[in-house]
Amino acid sequence: MAEQAGLLIPGKDASLYDRFRARLMIPIEDVSGRVIAFGGRIIGAGEPKYLNSPDRLFISKAGTFTG
């Protein structure tokens with residue numbers, strides 16, 4: 001399920017790793033209070049500084065008002 005949500009992604013050796021490793025996680029909610037995505041800010045040096053979870057079949061951020 002975490003892979004389907006875009007929280008885990010394939011590594012170079014075909015294993016899965018945490019997309020948001022070493023990041024402060026921030027839930028992104030719609031106006032109803034449902035979590036529709038996650039944002040992450042790197043802790044320390046690194047790029048990209050901010051990273052958002054991707055849209056998925058069951059989660060679409062486009063056109064959604066957030067609270």
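Values reported hereafter were calculated over all heavy atoms of this structure, with side chains retained and with hydrogens, waters and symmetry mates removed. Residues take their numbers from the sequence shown, with the count starting at 1.
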Enquirer: Within a strict 4.5 Å, meaning less than it, do heavy atoms of the N52 and I28 side chains meet?
Expert: yes

Enquirer: Measuring from atom CE of M25 to atom CG of D18, what distance do you get when rounded to the nearest 0.5 angstrom?
Expert: 7.5 Å

Enquirer: Among all residues two or more places apart in sequence or in another chain, which pass the side chain to side chain donor-acceptor pair (under 3.5 Å) test with Y17?
Expert: none

Enquirer: Please determine whether residues F38 and Y50 belong to a single hydrophobic cluster, defined as Ile, Leu, Val, Met, Phe, Trp and Tyr linked transitively by side-chain heavy-atom distances below 4.5 Å.
Expert: no

Enquirer: Does anything in residues 33-44 pair up under salt bridge (Lys or Arg N to Asp or Glu O under 4.0 Å), and if so which pairs, sequence neighbours excluded?
Expert: D30-R34

Enquirer: Do any side-chain atoms of residues 7-14 form donor-acceptor pairs under 3.5 angstrom with protein atoms, and if so which ones, sequence neighbours left out?
Expert:
residue : atom : partner : partner atom : Å
D13     : OD1  : S15     : N            : 3.2
D13     : OD1  : S15     : OG           : 2.6

Enquirer: Of all heavy-atom pairs between L51 and R19, which one has the smallest distance, and what is that distance?
Expert: CD2-O, 3.5 Å

Enquirer: Do V35 and F20 belong to the same hydrophobic cluster, where Ile, Leu, Val, Met, Phe, Trp and Tyr are linked whenever their side-chain heavy atoms lie under 4.5 Å apart, directly or via other members?
Expert: yes

